[in-house]
Trainee: 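Structure provided below as structure tokens; questions to follow.
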Amino acid sequence: MQPQDILPDHQNDVVANGVTVRKGSVGAFLASVRDWQDPAGSPASRAAAEADLRALLPGLHALGLFRILRARDPALQHLIDGGR
């Protein structure tokens, strides 16, 4: 399967299990994880990254991403699992 089979170039989102997921959500999640885990990041940038992660999680769960992938970082996995 190719990416365009899931989301054609002209389409910007997909509905998965009743949740609208925007194109780029997985990439945004990965970028936010890097910012959230950056020990040199400011508390404000880490908080903003965490807010972005939390906003992306429902869509990524709807896609089933975390049924096949687990985070190596226990704190990130806790966040993915709905922890505070």
Side-chain angles (χ1 to χ4, degrees):
M1 183 166 295
Q2 299 294 310
Q4 63 271 17
D5 297 330
I6 302 293
L7 197 61
D9 288 339
H10 68 278
Q11 190 175 337
N12 292 317
D13 55 45
V14 64
V15 176
N17 295 314
V19 178
T20 300
V21 184
R22 286 192 41 87
K23 185 183 286 187
S25 292
V26 173
F29 180 81
L30 295 173
S32 294
V33 167
R34 286 191 297 272
D35 290 344
W36 185 67
Q37 292 177 329
D38 183 359
S42 71
S45 68
R46 294 186 75 212
E50 183 172 328
D52 291 340
L53 289 171
R54 289 183 187 281
L56 289 164
L57 284 172
L60 299 180
H61 278 290
L63 290 174
L65 182 67
F66 305 117
R67 285 193 300 242
I68 59 168
L69 299 177
R70 290 193 56 81
R72 286 190 246 175
D73 177 347
L76 177 57
Q77 188 60 53
H78 182 72
L79 184 73
I80 290 167
D81 291 340
R84 294 275 166 198

Trainee: Can you check whether Arg67's main-chain N or O pairs, donor with acceptor, with His61's side chain at less than 3.5 Å?
Mentor: no
Trainee: Would you tabulate the side-chain donor-acceptor contacts of residues 7-32 under 3.5 Å, counting partners in other chains and residues two or more places apart, or write 'none'?
Mentor:
{"unit_1": "Gln11", "atom_1": "NE2", "unit_2": "Asp13", "atom_2": "O", "d": "2.6"}
{"unit_1": "Asn17", "atom_1": "ND2", "unit_2": "Ala62", "atom_2": "O", "d": "2.7"}
{"unit_1": "Lys23", "atom_1": "NZ", "unit_2": "Asp9", "atom_2": "O", "d": "3.1"}
{"unit_1": "Lys23", "atom_1": "NZ", "unit_2": "Gln11", "atom_2": "O", "d": "2.9"}
{"unit_1": "Ser25", "atom_1": "OG", "unit_2": "Arg22", "atom_2": "O", "d": "2.7"}
{"unit_1": "Ser32", "atom_1": "OG", "unit_2": "Ala28", "atom_2": "O", "d": "3.0"}

Trainee: If you apply the rule side-chain contact (heavy atoms from CB on, under 4.5 Å), what do you find for Asp81 with Phe66, and how did you get there?
Mentor: CA-CA 9 Å; Asp81 291 340; Phe66 305 117; over 6 Å; no
Trainee: Output side-chain donor-acceptor pairs under 3.5 Å for residues 68-76, partner residues at least two apart or in another chain, one line each.
Mentor:
{"unit_1": "Asp73", "atom_1": "OD1", "unit_2": "Ala75", "atom_2": "N", "d": "2.8"}
{"unit_1": "Asp73", "atom_1": "OD2", "unit_2": "Gln37", "atom_2": "NE2", "d": "2.8"}

Trainee: Tell me every residue that passes side-chain contact (heavy atoms from CB on, under 4.5 Å) with Gln2, counting only those two or more places apart in sequence or in another chain.
Mentor: Gln4, Asp5
Trainee: Rounded to the nearest 0.5 Å, how far does CG of Leu56 lie from CG of Leu65?
Mentor: 11.0 Å
Trainee: Taking it one step at a time, do Asp35 and Arg46 satisfy side-chain contact (heavy atoms from CB on, under 4.5 Å)?
Mentor: CA-CA 6 Å; Asp35 290 344; Arg46 294 186 75 212; over 6 Å; no
Trainee: Rounded to the nearest 0.5 Å, what separation is found between the CG atom of Leu57 and the CG atom of Asp52?
Mentor: 11.0 Å
